[in-house]
Protein chains: 2
Amino acid sequence: MNFNAITIRDIAKALGLSVSTVSKALRDSYEISTQTKKLVAEYAREHNYRPNPLAQSLKKGHSKTIGIVVSTIENQFFSQVINGIESVAYKAGFNVIITQTHESYELEVKNVAQLTHHALDGLLISLSAETKDVEHLQHLNKQGLPIVFFDRVSSDIKTHKVIADNLKGGYDATKHLIEAGYKRIAHITSPPNISITQERLAGYKQALKEAGRPIEEQYIKYCPHGGRDTEEVEIAINELLALPNKPDAIFTTSDRITTTTLFLLNKAGIKIPNDIALAGYTNTTLADVLNPPLTSVYQPAFEMGQKAADMLLQLILSKRPVTEFETITLPTQLFIRQSTHSVG
Amino acid sequence: MNFNAITIRDIAKALGLSVSTVSKALRDSYEISTQTKKLVAEYAREHNYRPNPLAQSLKKGHSKTIGIVVSTIENQFFSQVINGIESVAYKAGFNVIITQTHESYELEVKNVAQLTHHALDGLLISLSAETKDVEHLQHLNKQGLPIVFFDRVSSDIKTHKVIADNLKGGYDATKHLIEAGYKRIAHITSPPNISITQERLAGYKQALKEAGRPIEEQYIKYCPHGGRDTEEVEIAINELLALPNKPDAIFTTSDRITTTTLFLLNKAGIKIPNDIALAGYTNTTLADVLNPPLTSVYQPAFEMGQKAADMLLQLILSKRPVTEFETITLPTQLFIRQSTHSVG
DNA sequence: TTGAAAGCGATACCAG
DNA sequence: CTGGTATCGCTTTCAA
């Protein structure tokens, strides 16, 4: 508040009262007479008094704000998660600060530092695609900053976590492709170090195994930045198309990889699903009006945000240190559309 | 910072120095000996000292954070604007707090209050669809809070503004539809009170006039919440379809209205562009892979964010009160795709 | 019922 | 070169 706001002292002076009386009156303390309260309240309203939150926070030792770290808000999945977080945070009187890592470890570290600089009561984070160690978080956590992971989590920090059932998501999509008659199912995914990649990949493998299909590494492609750059997806697709036995179906993870794959296949004149079928993770509301409508794994993003915020608030508000942590797994949903129409 | 962070006082005590010496050493003051500086710096690093930003802000009178108010971050246009804002804010060492109005006037007022409660140095805002008066902003502005409008602006507050060339956007899209041979061009848009609606509508009308076409009110439909609710778009479309002379093309404004219209027309089995052509405002990267690929007006969202942040920073950092304000108008781009293929 | 004063953490002026 | 002290705006004992 660098602008000329009226302070409690101004009110005190104007009304011939003491600062403490005004403060108490404003907070409706039982110690203050009804008359004085009325007087103060009126003056405050008329002059549009707003307590300086900085001063309040400094005094009280908490800021009533929580920080969110995601890779990009352009990704609908994350903006939906954020909406979920906000819906519960606001209700509890907490504010929210959002920062983006753009899949960069360096930015993640910077942003977390920046955020905690700004005095948070808690942190909600989904790791960047590059992140391999969580030293920067561990330290804060040990110092007492409550942290809750969502989506992309780390097993190196013991705290609450909220994830989608990634294994089942990968399994469902792959199984569907198998049942639809596809023979050579490729998988384009995020880098191997992040949790969602591993879990979804495990689902993919499990479905293949159950169907007695071989798992071929040549059909599995990783995008170092989770599809942030179009080129990485393009490389993956080109490698797949150059295979002697090129795939007849692709299962993609993450919004970005999915839509980029769709874009690139269209651009290359490859017909979906006739030439290659496509099933992918996405939370876009546009899945139905894509060309073709896209078979997709949908994650309950809003609920994920709500749950994560709930758990964080619980940590923040807890009187005693919490030592028991849980990981909540939310179900995903497979929507079958024309991009994976049955073969034959 | 409710967690046990180490303070300047702790350092002073541990090192047998005074608080002020430590403070100065940390800020690399010329008054302090190199030796002491080294000592302090080392201790600070080892113990991971972070200055409490709350205390700093309180003392310095500014918080180094700017607030952003948009309708929804799920809208790609806005998330792109935010990315633009962040790119310049971070470079200048400013943090960013984002809040969403979900097109509600009430939420806008609440959020602005909430934000300023949290001690901002400046505010960047795109008005909600419901907002008709800006009393809540006027007051803050008069108190000295720098405000810059973008996208949906108000003429009631004299300050910097950044907008897209909405008139030209509306004009280009409509003219294109006319030239492509469409005869009855409808327009589905946001509520009439917000600036972008008026400007785009003006462009639509101008194109029709220039082509010697009549402007028929029955072809112009407003969505009270800018397409936030599917129903409002559905009502608009149904009314258009029920017309004796139903339109053969629709020009939609706003991401949400555009994609919802596409969805609803598809759902109703109406072929685009054969039954009805569609051209709409959208910033989604998916325009190319929609069914059909969508003719659209694209706004330079990232640049808009950059410009707005630039101007806000300029206001914040200015030594003397600024009295000269400007409105920057950014060009839009019309991308012609299959949803408006030429007739015949 | 009201007020004086300490203190949250950091900064800056002024002495020494 | 170092340290004491007032201050930012507010909350909270403790006295009066």
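None of these values were measured; they are calculated from a predicted model.
- Counting heavy atoms from C-beta outward, B:Arg45 and B:Glu42 have side chains that approach closer than 4.5 Å.
- Comment: B:Glu103 does not engage B:Arg228 in a salt bridge, judged by the lack of any side-chain N to carboxylate O separation of less than 4.0 angstrom.
- Rounded to whole Å, atom P of D:dG4 lies 12 Å from atom CZ of B:Arg9.
- Per the geometry, CD1 belonging to B:Ile11 stands 16 Å off C1' belonging to D:dT2, to the nearest Å.
- Between B:Arg50 atom CZ and C:dA10 atom C1' the separation is 16 Å, expressed in whole Å.
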Using a 4.0 Å cut-off on protein heavy atoms (strictly under), produce a 5'-to-3' string for nucleotides 11-16 of chain C with B for base contact, S for backbone-only sugar-phosphate contact, and - for none. BBBB--
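- The ring pair (Phe, Tyr, Trp, His ring centres under 6.0 Å) test applied to B:Phe94 returns no partner, not counting sequence neighbours.
- A salt bridge does not link B:Glu326 with B:Lys307: every distance from a Lys NZ or Arg NE/NH1/NH2 to an Asp or Glu carboxylate oxygen is 4.0 Å or more.
- A:Thr36 comes within 4.0 angstrom of sugar-phosphate atoms only, judged by non-hydrogen atoms across all strands, and of no base.
- One interatomic measurement links the two molecules: CG of A:Leu17 to P of D:dA16, which rounds to 21 Å at whole-angstrom precision.
- The side chain of B:Thr7 approaches C:dG9 more closely than any other nucleotide in the set C:dG9, D:dC10, D:dG3.
- Side chain to side chain, B:Gln100 and A:Asn83 meet the donor-acceptor criterion of an N or O pair below 3.5 Å.
- Straight-line distance from the CD atom of A:Gln35 to the C1' atom of C:dT1: 12 Å, rounded to whole Å.
- Separating the NZ atom of A:Lys13 from the P atom of D:dC10 is a distance of 13 Å, rounded to the nearest angstrom.
- Rounded to an integer number of Å, the gap from A:Ile6 CD1 to D:dC8 P is 15 Å.
- Every ring pair (Phe, Tyr, Trp, His ring centres under 6.0 Å) that B:His136 has, sequence neighbours left out, goes to B:Tyr105.
- Summarising the geometry, the separation between OH on A:Tyr30 and P on C:dT1 is reported as 11 Å, rounded to the nearest angstrom.
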